[in-house]
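Structure record follows, encoded as C-alpha cells.
Every chain is numbered from 1 and lettered A, B, ... according to where its sequence line falls, protein lines coming before strand lines.
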2 protein chains.
Amino acid sequence: MKIPKPTVKRLGLYYRCLSRYKEEGVNFVSSQDIAERLNIKPSQVRKDLSYFGNFGKRGLGYSVNKLLGEIAFIIGVNKEWNVAIIGAGNLGSALANYPGLLKHKFNVVAIFDNDREKVGKKIGGITVTHISDLKEMVQEKNIEIAVIAVPESAAQYVAEQVEDSGVKGIVNFSPIKLRVNIPVEDVDITLSFETLAYTIIMGDNAFILEDDE
Amino acid sequence: MKIPKPTVKRLGLYYRCLSRYKEEGVNFVSSQDIAERLNIKPSQVRKDLSYFGNFGKRGLGYSVNKLLGEIAFIIGVNKEWNVAIIGAGNLGSALANYPGLLKHKFNVVAIFDNDREKVGKKIGGITVTHISDLKEMVQEKNIEIAVIAVPESAAQYVAEQVEDSGVKGIVNFSPIKLRVNIPVEDVDITLSFETLAYTIIMGDNAFILEDDE
DNA sequence: TAGATTGTTAATCGATTAACAATC
DNA sequence: TAGATTGTTAATCGATTAACAATC
C-alpha cells in the first residue's frame, strides 16, 4: 500500500503530541483530541493511522502508551542514527548543538569543513575534521546521515562527495536542488521567509488574486 | 483566482533559478530549461506562471530579465523586511548571521532573549535586547517579521507576546503548532530528520508498505 | 515558412474530509 | 444498554500533468 508523504510527516507530529499527553499523565486520547492540538481534522488522524493498523478501541479512543509504541516502531524511533555535519559555519555549529536532535535519536558524531583554520577546533565537544577525510570517517563512525550546511557554491560538490562516501541520506540546508541518488530532505530557510512575506502581503486574501491582477 | 500554496513556494525557486541564469549570461530560457534544473515538469512551470500573466513568447521562451522582474514584483522582492530574532541561543545566533537572509531582503535588526546574562552582548553586530522591550522595539524599528528560536517550553508564550507587539508574521523554528492569529511559517528541523530517516528505512519502497505489514 | 514553445484545457492523480456502519 | 469513537468507504477537493491549438 502506498503511504502519502504528508501522512509520513504527520506521524512525527503525532508522536510528539502523544509524548506530551504522556507527560501530562493522560492514558487515552481520541482522534479528536489529537486533531485539535494539531489543527487538523479527526478523520485525517484516523485515516493516517489506519494505513498501519488498527490501534484504537471504538468508543474509547487510543491508548497513549500503545500508540506511542506503534508509531515509534513505524518511524524507527528506536533506531539510533549517526549524523555528520558538513560545514562548520554558524549554521553547522548551531546544528551540532541543536537540542531537538540531541534529545532524539540523531547523534552528531562528526563535523567537517574545508577550512584548515577550523580543522582541529572543537564545536559542541566534537573536533572539526577536514572534508578530505569524509569517506574514511563515514566508514569508521558508521555515519548514515549527512547535513549539508555549506555555502550554495559548494553544495553540489559536497553532496557528491557525501554520496560517494556511503552515507544513506542528506538533510540539505543549501538553497539548491541537489543531484544525487540518495534521499534528500530539503530545509529551505530563505524560502520559508519568502513564503511568509508573500502571505503577509496578500493579507486576508492570501493565495487569492483578483481576476484583474 | 486562487493560487495553490505549492505554486507560491515554487515562485521563490524560479526566482533563484533565473538569477543563476542571469549570472551565467543567459537571456532566454524555456519552461523546459527551468523545469530541468528544478526537477519538475515544464507544464508545471508554465501553469504556475500563467496564474500571474503571460510572460513568455511562444517559440522563444521567457526573457530572463523580464521574468525576474515579474516574479520579483509578485513575491515582493523589492520590499525590505525588518526581522527580529527571539532567542539568542545557537540557532538564533546562526540565523542572525545567516547569509541567505542578509543578502536578500530580510534585515535582522534586533535580537531578544529573556536571559539577563545575554542582554547587552553583541551577536553579528546586533546588541541583544531583553524580551520585555519587545513591543517597544517592534514599533521603533518597524519590525514586521519575528523568528521564534526559543525552547519548545517558551514558544507559545513568546508567540503571544510577538502577536501582541504588532509583528505581522512569524517564522517558527520550535516544534509546536503556534496558536496565534498572524501568519506562521514552520521550519521543523527535527521533523525533516525524521522524515529522512523514514525514507531511508523504507529504501526503494519509500512510502510503500506491503499488504501484510 | 518550419520549428519551437507558450498558454490553457481537460484528464489524471493524490490527499482530505464527511459520513456512517461497526463495535467498544 | 446507550453513548462514544473507531475504521473505512465514498465524495470532494486540490494539484499535477499531458496534450494541443495558438502563435512567435
_Could you tell me the boundaries of the chain A footprint on DNA chain D, defined by atoms under 4.0 Å from its heavy atoms?_
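Under 4.0 Å from chain A, the extent on DNA chain D is D/dA4 to D/dT9.
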
More than 12 heavy atoms of other residues, nucleotides or ligands under 6.0 Å from [atom1] of [X]: is that the case?
X        : atom1 : result
B/Lys57  : NZ    : no
A/Glu160 : CD    : yes
B/Lys22  : NZ    : no
B/Arg20  : CZ    : no

_List the residues meeting side chain to side chain contact (heavy atoms under 4.5 Å, CB included) with A/Arg58, not counting sequence neighbours, and say none if there are none._
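Here no residue qualifies.
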
*Rounded to the nearest 0.5 Å, how far does CD1 of A/Ile200 lie from CH2 of B/Trp81?*
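Reported to 0.5 Å precision, the distance equals 4.5 Å.
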
_Gap between atom OH of A/Tyr14 and atom CZ of A/Phe55 - 0.5 Å precision_ =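 Reported value, rounded in 0.5 Å steps: 12.5 Å.
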
_Close approaches to DNA chain C from residues 22-49 of chain B, in residue order (heavy atom, under 4.0 Å)_ =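 Correct list: B/Ser30, B/Ser31, B/Arg46, B/Lys47.
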
*Could A/Glu185 and A/Lys5 be called an ion pair, given the rule that one side-chain N must be under 4.0 Å from one carboxylate O?*
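A salt bridge is present here (some side-chain N lies under 4.0 Å from a carboxylate O).
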
*Ion pair check, A/Arg16 and B/Glu152, cut-off under 4.0 Å*: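 No, A/Arg16 and B/Glu152 are not salt-bridged.
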
*Scan A/Val167, A/Val150, A/Asp113 and name whichever one has a side-chain contact (heavy atoms from CB on, under 4.5 Å) with A/Ile86.*
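By the side-chain contact (heavy atoms from CB on, under 4.5 Å) criterion, A/Ile86 pairs with just one of A/Val167, A/Val150, A/Asp113: A/Val150.
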
_Member of B/Ile85, B/Leu95, B/Asp188 meeting the side-chain contact (heavy atoms from CB on, under 4.5 Å) criterion with B/Phe173_ =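 The side-chain contact (heavy atoms from CB on, under 4.5 Å) with B/Phe173 is passed solely by B/Leu95 among B/Ile85, B/Leu95, B/Asp188.
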
*What residue pairs, at least two apart or across chains, pass salt bridge (Lys or Arg N to Asp or Glu O under 4.0 Å) with a residue in residues 25-46 of chain A?*
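Residue pairs with at least one partner in residues 25-46 of chain A: A/Glu24-A/Arg37.
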
*DNA chain D stem ranges, 3 or more consecutive Watson-Crick or G-U pairs under 3.5 angstrom*: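 Runs of three or more consecutive pairs: C:3-24 with D:3-24.
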
*Stretch residues 57-72 of chain B: residues that reach within less than 4.0 Å of DNA chain D through a heavy atom*: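 The answer is B/Lys57, B/Arg58, B/Gly59.
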
